[in-house]
Amino acid sequence: MPELPEVEVIRRRLWEAVHGRTVVETKLVRLSGRVSIGTLHGVRIESVDRRGKFLLVGLSDRRSLLIHLGMTGDLYVVNDWQQAPRTTRAGFRLDDGRWLVFNDPRALGKLELVSLAEAAKKVQRLGVEPLSAEFTPELLASLARGRRQPVKPFLMDQRWVAGLGNIYAAEALFEAGIHPGHPVGSLSRARLARLHRSIVQVLERAIESMWNAAQDQQASWIEHTPVASVYRRAGQPCLRCGRPIQRMRQAGRSTYYCPGCQR
DNA sequence: ATGCGCGCCTGTCGGC
DNA sequence: TGCCGACAGGCGCGCA
């Protein structure tokens, strides 16, 4: 499920729901190497941060829960354990009786308990935060320089820019009018500047739209993912020019684009 | 060094 | 109804 916007909305919801609470019980289910935590007991949750697609839950014992949601992970609070879905992999009972639940049907997510220093080290390998002031057109251009790699897999590589996945990489490229197969190093400065702006806009719009949906208690916010312009729209008309959206394979992933609007 | 293909997992959906 | 393949919002590894 989650790329940067989804992870950011999960982070905000989590912060509201769990900050200052103490974990009083840990339950691990469907164990695998991807979940490596001992038991958490008597520690207070002091922060919930995001770096790229990682969540870092800061604890009062100077440790951190480092979470990556993989393809299908989700993290939220339920009132009692009975409400946790059967694909739940871990649960943390809070001092108010509710449960913080890590649900992950495909089990590609990761959950580890590490020292603050180790957590910091692990996220250090990530590239720039696209919604930070550090992310500028100039920085994007310097990262792209000299690379022959197609722009879409470049955008999905977390070492350069952290947080874009298959959906938002495709959406940003559509927004910028750039063909996903274009070698990133030979895009002009002007086109990279436009791509930079598109990345920021696409991510900000997605966060805003999902965050608004999340405020409505009646709505299942995850279903309010902003309508995609190209993602999973193969064969349907382009919203801008009407030509059918194409699907192609790149580095093993589906890429959607408009052959009319993206060059 | 760089870029691609595959394996890891389970769920869903459409076609036969 | 049941089976089968394709596909799915990610990452890390090994190989050319």
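Below, chains carry the letters A, B, ... as their sequence lines are ordered, and counting in each starts from 1. Note that the structure is predicted; figures quoted are calculated from it, not measured.
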- A:R240 NZ/CZ over A:F174 ring centroid, <6.0 Å and within 45° of normal: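 That pair qualifies as a cation-pi contact.
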
- Query: Taking the six-membered ring of A:W211 as reference, does the NZ or CZ atom of A:R12 fall below 6.0 Å from its centre and within a 45° cone about the axis?
  - Reply: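 Relative to the ring axis of A:W211, which defines the angle, A:R12 lies inside both limits.
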
Compare side-chain N and O positions of [X] against OP1 and OP2 of [N] and report whether any pair is under 4.0 Å apart.
| X | N | result |
| --- | --- | --- |
| A:Q149 | B:dT2 | no |
| A:R125 | C:dG12 | yes |
| A:S254 | C:dA8 | yes |
| A:H68 | C:dC11 | yes |
| A:Y256 | C:dA8 | yes |
| A:R86 | B:dG11 | yes |

- Begin with the C-alpha distance, continue with both residues' side-chain angles, and end with the deciding distance and a verdict on side-chain hydrogen bond (donor to acceptor under 3.5 Å, both in side chains) for A:T255 and A:Q250. CA-CA 6 Å; A:T255 295; A:Q250 274 184 311; 2.8 Å; yes

Would you indicate which nucleotide in [options] comes nearest to any side-chain atom of [X]?
| X | options | result |
| --- | --- | --- |
| A:Q158 | C:dC11, B:dG11, B:dC4 | C:dC11 |
| A:R247 | B:dC4, C:dG10, C:dC7 | C:dC7 |
| A:E3 | C:dG12, C:dA8, C:dG10 | C:dG10 |
| A:R249 | C:dG10, C:dA8, B:dG11 | C:dA8 |

Got a list of side-chain donor-acceptor pairs under 3.5 Å for residues 181-188 of chain A, not counting sequence neighbours?
{"residue": "A:S186", "atom": "OG", "partner": "A:P183", "partner atom": "O", "Å": "3.2"}
{"residue": "A:S188", "atom": "OG", "partner": "A:R191", "partner atom": "N", "Å": "3.1"}

- Item | Close approaches to DNA chain C from residues 106-116 of chain A, in residue order (heavy atom, under 4.0 Å) |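 Correct list: A:R106, A:L108.
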
- Query: A:S254 and A:R247: side-chain hydrogen bond (donor to acceptor under 3.5 Å, both in side chains), yes or no, with the steps?
  - Reply: CA-CA 6 Å; A:S254 288; A:R247 181 167 82 91; 2.6 Å; yes

Could [X] and [Y] be called an ion pair, given the rule that one side-chain N must be under 4.0 Å from one carboxylate O?
| X | Y | answer |
| --- | --- | --- |
| A:R205 | A:E175 | yes |
| A:K53 | A:E3 | no |
| A:D96 | A:R21 | yes |
| A:E112 | A:K122 | yes |

Quick one: [X] [atom1] to [N] [atom2], roughly how many Å, whole number?
| X | N | atom1 | atom2 | result |
| --- | --- | --- | --- | --- |
| A:R233 | C:dC7 | CZ | P | 19 Å |
| A:R253 | C:dA6 | CZ | P | 18 Å |
| A:I67 | C:dG10 | CD1 | C1' | 16 Å |
| A:M248 | C:dC7 | CE | P | 15 Å |
| A:L143 | B:dG3 | CG | C1' | 17 Å |
| A:L164 | C:dG10 | CG | C1' | 13 Å |
| A:R145 | B:dT2 | CZ | P | 15 Å |
| A:N103 | B:dT10 | CG | C1' | 12 Å |

- With a non-hydrogen cut-off below 4.0 angstrom, is A:R34 in contact with a base, only sugar-phosphate, or nothing?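 Base contact.
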
- Message: Any base atoms under 4.0 Å from A:T72, or only sugar-phosphate, or nothing? Heavy atoms, all strands.
- Response: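 Contact class for A:T72: none.
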
- What interatomic distance, in whole Å, is found between P of B:dG5 and the corresponding atom of C:dC7?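 Approximately 15 Å lies between the P atom of C:dC7 and that of B:dG5.
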
- C:dA6 and B:dC6: how far apart are their P atoms, nearest whole angstrom?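 Nearest-Å result for C:dA6 against B:dC6 at atom P: 13 Å.
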
- Message: Does A:E208 have more than 12 heavy atoms from other residues, nucleotides or ligands lying within 6.0 Å of its CD?
- Response: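 Counting neighbours around CD of A:E208, 12 or fewer heavy atoms of other residues, nucleotides or ligands fall under 6.0 Å, so no.
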
- Please step through salt bridge (Lys or Arg N to Asp or Glu O under 4.0 Å) for the pair A:E8 and A:R11, ending with a clear verdict. CA-CA 5 Å; A:E8 175 59 23; A:R11 184 194 73 75; 3.0 Å; yes

- Which residue, A:Q250 or A:R159, contacts DNA chain B at a nucleotide closer to its 5' end, judged by nearest heavy atom?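 Its nearest nucleotide being more 5', the pick is A:R159.
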
- Task: By nearest nucleotide on DNA chain B, pick out whichever of A:A251 and A:R147 is the more 5' one.
- Result: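 The 5'-side residue here is A:R147.
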
- Query: Taking only Watson-Crick and G-U wobble pairs with both distances under 3.5 Å, what dot-bracket line describes DNA chain C, where [ ] shows pairs that cross earlier ones and | shows pairs with another strand?
  - Reply: .|||||||.|||||||

